[in-house]
*Asks:* 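Got a structure for you, written out below as C-alpha cells; questions coming shortly.
What you see is a predicted model, and the numbers here were worked out from it, not measured in a lab.
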Amino acid sequence: MRFTVSSTALSSKLNALSRVINSKNSLPILADFLFEIKDGQLCLTASDSENVMKTQTELAESNGDGRFAIGSHDLLEAVKGFSEQPITFDVDQEANIAKISYQNGMFSLPVENADEYPQTQAVSEGANEIVIDNALLADNINRSLFATAQDELRPVMNGIYFDLTPEHLAVVASDGHKLVRNLVLSIHSDSPAAFILPKKPAALLKNLLGKDGGDIVIRFDDRNAYINYGDGELTCRLIEGRYPNYNSVIPQNNPNQITVDRQALLAALRRVQPFANDSSNLIRFHVEGGTLQLDAEDYDFSKTATERLSCEYTGTPMSIGFKGSSFIEILSNFDCQEIIIQLADPSRAGLVLPSEQPEGQDILMLMMPMLIND
C-alpha cells in the first residue's frame, strides 16, 4: 500500500491527536496512531480507551485502501520539523514495516495490525442531541474549565456539567469553593437531559474549537458522548452520577453591589496577593463609598500590602475575605471591561458578573468567602 500526503497537514493533525494519548497505556497499541486509507482519504485516530479522537485529511495520491497502526512518538518527532512537502508512505503489512520518504531522505518505522486497535464505543440510538455554535461552545468551555475540581471522593465535580432544560442550556463547573454558571438562552429542549463532560475531553476541545465557524453536534446518552467538530470527531466516556443542585447555592438577593474595572482589580490583586499568607491566600476586600481596599498580610514573615482603587458602590460598608488566587482566576476568565460584584454579608457567597451580558447568554461566577479576623 502506497499513499502521499502533505507534510504540514499530517503534522498538524497528528499534533492535535497526540494530546489524547497517555504516557502510560493499558494496551501497548494505544501508544500508536491508527491510519485508515479509503477512497483517497486518510482517517487518523488516537485513543486512551476512554477518549477517541478522529480526523481526516485528503491524500495527494493513493494506490489502494488499508489500515495499520504506527508508533506515535517516533512519527511525531520525525515529521514535526518538515517544511511543506509531499511525504510518501510505502507500507508492507506482511513485513510490518512502513518506509516514509520525503524530498531529502527517508526513514522506516514498524507498523502493527490495525485489528488489535480497540473499537470506538458508539452512542446509543436514542441519544440526546445539542447543536451549538463552534465559538460559543469554545467560550463556555474556556470559561468553565478552571472551576472543575480534582476530587476522588466526588468524581461528578471533576467535569463540566451540561444541563439542557426547557428554558436554556446551562454549562456549569464547580469545585465547592467557586462556581461558574453559563446560560445559553438560544438552546433549549422540551425533554430535559444532562451529562458531565470529563476534564480531559473538555481540555482537548478547548484546544480544537473556536478556530472555524459552523456548528458543533453533541450526541450523548447515559455513558458516552459523540462530538462532531467539523474536520474531526471526539467520542468520550462521560462521568456517571448525579450533579449537585447548583441553583440552590446561588444567592438570589445580594443587595450590596460593587462595579469596578476588571483589569484594574486584576492588576491590584496580582500585586497584593504575594503578601498573603501562603496557606490561606486570604485577601481582605473592604468597600466603603467609592473605594475598594485590598489588604493582604503574612505576620509570620512580617509582610503586609494594601492597595486602593476607585469603584461604584451601593450598599453598607463591608469587609469580606476571599482567596486571592481563586479571585484572580475568576477575573481572568471574563473578557468584559467592567465587572459587578454582588455581596450580602461577610459569611455568604459573593457573585461576580459582567457589567453587560453577551448576547443570548447569562454568565455568573460565585465565590465562597473566607473567615477574616477583625
Side-chain angles (χ1 to χ4, degrees), residues 13-27 30-31 33-34 43-56 72 117-124 127-152 154-164 169-175 180 182 184 187 193-212 214-241 243 333:
K13 301 286 187 185
L14 293 180
N15 272 313
L17 291 175
S18 67
R19 298 187 178 100
V20 181
I21 299 173
N22 291 330
S23 56
K24 295 181 180 178
N25 296 286
S26 54
L27 297 172
L30 290 177
F33 293 121
L34 177 64
C43 177
L44 297 162
T45 303
S47 172
D48 64 1
S49 78
E50 293 193 346
N51 304 286
V52 181
M53 188 183 289
K54 295 185 178 184
T55 187
Q56 291 187 336
S72 59
Y117 208 84
Q119 293 291 312
T120 305
Q121 187 72 36
V123 175
S124 63
N128 300 283
E129 185 172 286
I130 296 172
V131 180
I132 183 170
D133 178 75
N134 188 315
L136 184 58
L137 180 60
D139 286 346
N140 277 269
I141 290 176
N142 290 347
R143 199 182 294 123
S144 306
L145 194 54
F146 82 96
T148 54
Q150 193 69 44
D151 191 335
E152 293 181 5
R154 292 188 300 170
V156 293
M157 307 296 283
N158 298 343
I160 299 177
Y161 184 53
F162 286 73
D163 188 15
L164 185 61
L169 170 66
V171 182
V172 182
S174 177
D175 62 2
V180 178
N182 311 279
V184 182
I187 298 175
F195 68 93
I196 306 171
L197 183 68
K199 195 175 297 190
K200 181 172 178 177
L204 292 170
L205 288 169
K206 178 181 176 180
N207 290 313
L208 291 165
L209 299 179
K211 298 170 185 174
D212 303 308
D215 287 337
I216 308 297
V217 178
I218 305 172
R219 298 182 66 246
F220 62 95
D221 55 25
D222 293 338
R223 292 177 58 82
N224 300 291
Y226 165 84
I227 302 159
N228 187 316
Y229 55 87
D231 66 344
E233 59 189 60
L234 173 65
T235 304
C236 60
R237 181 83 52 82
L238 299 173
I239 297 174
E240 297 182 48
Y243 203 81
N333 282 280

*Asks:* Run the numbers on Val52 and Leu234 for side chain to side chain contact (heavy atoms under 4.5 Å, CB included), then give the verdict.
*Replies:* CA-CA 6 Å; Val52 181; Leu234 173 65; 6.0 Å; no

*Asks:* Roughly how far, to the nearest 0.5 Å, is the CD atom of Glu129 from the CD1 atom of Ile218?
*Replies:* 9.5 Å

*Asks:* Can you name the closest pair of heavy atoms from Ala127 and Arg219 and give their distance?
*Replies:* CB-NH2, 3.8 Å

*Asks:* Would you find a donor on one side and an acceptor on the other, under 3.5 Å apart, between the side chain of Lys200 and the backbone of Val20?
*Replies:* yes

*Asks:* Under the criterion side chain to side chain contact (heavy atoms under 4.5 Å, CB included), I'd like the reasoning laid out for Val172 against Tyr243: C-alpha separation, chi angles, the key distance, then a yes or no.
*Replies:* CA-CA 10 Å; Val172 182; Tyr243 203 81; 4.1 Å; yes

*Asks:* Heavy-atom distance under 4.5 Å between the side chains of Ile216 and Asp133, does that happen here?
*Replies:* no

*Asks:* For the residue pair Asp231 and Tyr229, confirm or rule out a side-chain donor-acceptor distance under 3.5 Å.
*Replies:* no

*Asks:* Over all heavy atoms of both residues, which pair between Leu169 and Ile132 is shortest? Give the atoms and the distance, please.
*Replies:* CD2-CD1, 4.2 Å

*Asks:* Output the distance between atom CE (Met53) and atom CD1 (Ile227), rounded to the nearest 0.5 Å.
*Replies:* 9.0 Å

*Asks:* Can you tell me if Asp221 uses its side chain to pair, donor with acceptor, with the backbone of Ser124 under 3.5 Å?
*Replies:* yes

*Asks:* Please name the pair of heavy atoms, one in Leu17 and one in Thr55, separated by the smallest distance, quoted to 0.1 Å.
*Replies:* CD1-CG2, 3.9 Å

*Asks:* For Asp222, does the CG atom sit with more than 12 other heavy atoms under 6.0 Å from it, leaving out its own atoms?
*Replies:* no

*Asks:* How long is the gap from SG on Cys236 to CG on Asp48, to the nearest 0.5 Å?
*Replies:* 10.0 Å

*Asks:* Which pair of non-hydrogen atoms, one from Arg237 and one from Ser49, has the smallest distance, and what is that distance?
*Replies:* NH2-O, 4.3 Å

*Asks:* Roughly how far, to the nearest 0.5 Å, is the CG atom of Asn140 from the CG atom of Leu205?
*Replies:* 12.5 Å

*Asks:* How would you list, by chain and number, every residue that makes a salt bridge (Lys or Arg N to Asp or Glu O under 4.0 Å) with Lys54, sequence neighbours excluded?
*Replies:* none

*Asks:* Verify side chain to side chain contact (heavy atoms under 4.5 Å, CB included) between Asp175 and Met157, making sure each step is shown before the conclusion.
*Replies:* CA-CA 6 Å; Asp175 62 2; Met157 307 296 283; over 6 Å; no

*Asks:* Between Val180 and Asn182, which heavy-atom pair has the shortest distance, and what is it?
*Replies:* CG1-ND2, 3.6 Å

*Asks:* Tell me if a side-chain donor or acceptor on Asn224 pairs with a main-chain N or O of Val123 at a distance below 3.5 Å.
*Replies:* no

*Asks:* Between Phe33 and Leu14, does a side chain to side chain contact (heavy atoms under 4.5 Å, CB included) hold up when you go through it step by step?
*Replies:* CA-CA 8 Å; Phe33 293 121; Leu14 293 180; 3.7 Å; yes

*Asks:* Under the rule for salt bridge (Lys or Arg N to Asp or Glu O under 4.0 Å), what residues qualify as partners of Asp215, not counting sequence neighbours?
*Replies:* none

*Asks:* Would you check if there is a donor-acceptor pair between the side chains of Gln150 and Lys199 at a distance under 3.5 Å?
*Replies:* yes

*Asks:* Within the distance-only criterion (no hydrogens, no angle test), does the side chain of Asn25 pair as donor or acceptor with the backbone N or O of Ile21 below 3.5 angstrom?
*Replies:* no

*Asks:* Would you check if the side chain of Ser144 reaches a backbone N or O of Ile141 as a donor-acceptor pair within less than 3.5 Å?
*Replies:* no

*Asks:* Does the Tyr117 side chain pair with the main chain of Ser47, one donor and one acceptor, at a distance under 3.5 Å?
*Replies:* yes

*Asks:* So, taking the atom named CD1 in Ile130 and the one named CG in Leu137, what distance separates them when rounded to the nearest 0.5 Å?
*Replies:* 9.0 Å

*Asks:* Give, for atom OG of Ser174 and atom CZ of Arg154, the distance between the pair rounded to the nearest 0.5 Å.
*Replies:* 7.5 Å

*Asks:* Please find the pair of heavy atoms, one from Leu145 and one from Ala203, that lie closest to each other, and give the distance.
*Replies:* CD2-CA, 3.9 Å

